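These numbers come from a predicted model, not from an experiment. Note that these values count all heavy atoms, side chains included, but never hydrogens, waters or copies made by symmetry. Naming: A, B, ... by sequence-line order, numbering from 1 per chain.
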There are 2 protein chains.
Amino acid sequence: MIHNDQRKPRPRPTISDVARLAGVSISTVSRVLNDTAPVSPEVEQRVLQAIEMLNYTPHLAARNLAVRKTETIGLLLPEVGNNFFAPLLRGVENAIRPTEYQLLVHASLRVPDPAPWRHSPIGEHNADGMLVFVNSMDQAELLRNYERGFPMVLLFFTPPSNARIPYVGFDNTTGLCQVVEHLVQVHGRRRIVYLRGPVGNFDSEEREAAFRQTMERLGVPVYPELVARGNYSSISAEQAIQELIERGVDFDAVFAGDDDAATGVLAALRRNGRSVPEDVAVVGFDDIPFSVHLNPPLTTVHAPVEQAGYVAASKLLSLLAGETPELATRLPVELVIRQSCGCNRT
Amino acid sequence: MIHNDQRKPRPRPTISDVARLAGVSISTVSRVLNDTAPVSPEVEQRVLQAIEMLNYTPHLAARNLAVRKTETIGLLLPEVGNNFFAPLLRGVENAIRPTEYQLLVHASLRVPDPAPWRHSPIGEHNADGMLVFVNSMDQAELLRNYERGFPMVLLFFTPPSNARIPYVGFDNTTGLCQVVEHLVQVHGRRRIVYLRGPVGNFDSEEREAAFRQTMERLGVPVYPELVARGNYSSISAEQAIQELIERGVDFDAVFAGDDDAATGVLAALRRNGRSVPEDVAVVGFDDIPFSVHLNPPLTTVHAPVEQAGYVAASKLLSLLAGETPELATRLPVELVIRQSCGCNRT
DNA sequence: GCGTTTTCTGAAAGCGCTTTCAGCATAGCA
DNA sequence: TGCTATGCTGAAAGCGCTTTCAGAAAACGC
């Protein structure tokens, strides 16, 4: 027996269908839908019934057009699949849930559009405001949106100096300071390799500055051959360390850039027979859930990613409510000492 | 000096503004925007210039309303923060990128709306089609959408028997069969604890059935005290194992449900002084990126999550193109043998 | 040179909704 | 009883766009 799977072209019911069935005008239907004006109980009942019968759902695009709001906020990401993307999104969702807002996520991967007039895939044409992740929007467009008064909040980078756009990030400086001090003062490491993040990454640069500054303060030289390029990923970190070892460079500790990179560092070290933390101590940044399960458990700096998402979304929400949230939020990070630095050996 | 940050109420330019500035009608502007009809070069030039000057961007909601398409596809998730959510999203994005479609993501967390007429936060009112993750939409609504002919494809669960909705999932049966055989035939384990997934989870149930079936085929009893409740999370798995140990239950292997759970299992085992894999072998499912970095490296079943996202999105896209994609796709999984089962000891 | 295409353009009708405005009862008040 | 509040409802305008339709101008055919 053939199952009848014809796509029934029965069009979705509109507000007029409901109105007709209920024997009222569309204005009245709209009113019971939105509770914007009193409607007599019996009429309301009829309308509700009609809605039920037709299985009617209002068409959001039409409503948006009429009220000139989209009720959605956008989240622009440079890529997707980053390991701390999940907690970030969770934070954003938590902030948004109690509101009427939807979340529109777009991972750009920067494929520039030939048509000059269609700017970002998400912008004031389809969102009331947006969360902009570092490196997901070029500065020109950022500024253009700002000029227009489009509500935005920045994640993990600061706005150009003349634009007063709220942002949230981590207190990279304190975090780096703590972890470096720990390496140097507690464990006496001096030849510390510094694995950079992606070029142009805000956090990465801030962290490097803090690193150099702290090292200087502690009177430990930053050996040029010990700062290597990474991009916050496991493989690139693994390669970088492999290369250092092959080049015969001597080092007794590595700051991996982030925890993802740290796993790569651990792998490379293990493969080359260097023991952690005896031969070389390794520390990360972020404290992703897996760090505790690494071998050895990773000493790292805990960055409250979920909270960052929550705070950023909250800021945007308050912006949308016409308030003016605090401009800058640097979330505190915390050194979490496990074993990869040399502490807590069993 | 006070920076002037007044939100300039200058309204966004509309197509009429462009038309006026260019000295043409809005129809003409629309035509150059969409290239839907020939426009003389000089006029086109004028329009383009006006667009440029006004920094005009078409209002998507209005366009959507007019063309009766939203150009977005929805992704409905039961929660966010799942560890294989990132690769899934990556797959979906990859499939979508070459198209005009946007991605609207919503993590539900099931807070039922009191208003009966506003169904899902994402549906035919704001998307042309959607990807439905297991447990993110109740069956009634699924069916209602299906009746309406709303394009959907299901992720990791099969539709109710009478609904011909495409879906993609993993070949759980083969995967489980392989891993269990490995445990039993290669390593001679017999008292295997089986950690379930969340109740009502499709994959979980399919896997359990396969587990029992394979065990029977191999002539190994499934001890009731060895099947424990988990929910594909590290903590719950840790608790479950802890409890088994405290109850004095004897076992020599554990199938953890998924890799997240496996980390919990490893932690519990380590804490109780059981060595892996000597005392107990542990295996997972999914092969998330971290599995290789666990201690010991986890033997698991590789599930192509990103591919699942890609395939699902492709199916939806073809549905939207009016084609009829293959109904069911079970992606092949593959046993990846590392050390936690007892192989490859150094 | 005149009808006939062909090319380009604008007027206007919608898309499905909200919202103002006015209208009509009915209730309240004197 | 007449008057103004009050409560409820519908007509109609409009949100910013696309798309038919028809008209004007230019190009073509003979």
> How would you label the contact of B/Ser40 with the nucleic acid (heavy atoms, under 4.0 Å): base, sugar-phosphate, or nothing?
sugar-phosphate
> I want to check something: taking the side chain as every heavy atom from C-beta on, are A/Tyr167 and A/Thr158 in contact at a cut-off of under 4.5 Å?
yes
> Mapping B/Val39 and A/Ala61 onto DNA chain C by nearest heavy atom, which one lands closer to the 5' end?
B/Val39
> If you walk 5' to 3' along DNA chain D, what is the first nucleotide with an atom under 4.0 Å of a heavy atom in chain B, and what is the last?
D/dG16 to D/dT20
> Quick check for you: to the nearest 0.5 Å, what is the distance between A/Leu327 atom CG and A/Ile165 atom CD1?
9.0 Å
> Does the side chain of A/Pro166 come within less than 4.5 Å of A/Leu154's, by heavy atoms?
no
> Have a look at B/Thr14 and say if it touches a base, only the backbone sugar-phosphate, or nothing, with a 4.0 Å heavy-atom cut-off.
sugar-phosphate
> Report all side-chain donor-acceptor pairs from residues 36-45 of chain B shorter than 3.5 Å, counting only partners two or more places apart or in another chain.
none

> Would you say the side chain of B/Leu33 lies within less than 4.5 Å of the side chain of B/Tyr56, judging by non-hydrogen atoms?
yes
> 5'-most contact on DNA chain C: B/Arg68 or B/Pro41, nearest heavy atom basis?
B/Pro41
> Here's a test of your reading of the structure: between A/Pro38 and B/Ser16, which maps to the more 5' nucleotide of DNA chain D?
A/Pro38
> From CD of B/Glu44 over to C1' of C/dT7, roughly how many Å is that when rounded to an integer?
15 Å
> Just checking B/Ser27: base, sugar-phosphate only, or nothing, at a heavy-atom cut-off of under 4.0 Å?
base
> With sequence neighbours excluded, what pairs up with A/Asp128 under the salt bridge (charged side-chain N to carboxylate O under 4.0 Å, His left out) test?
none
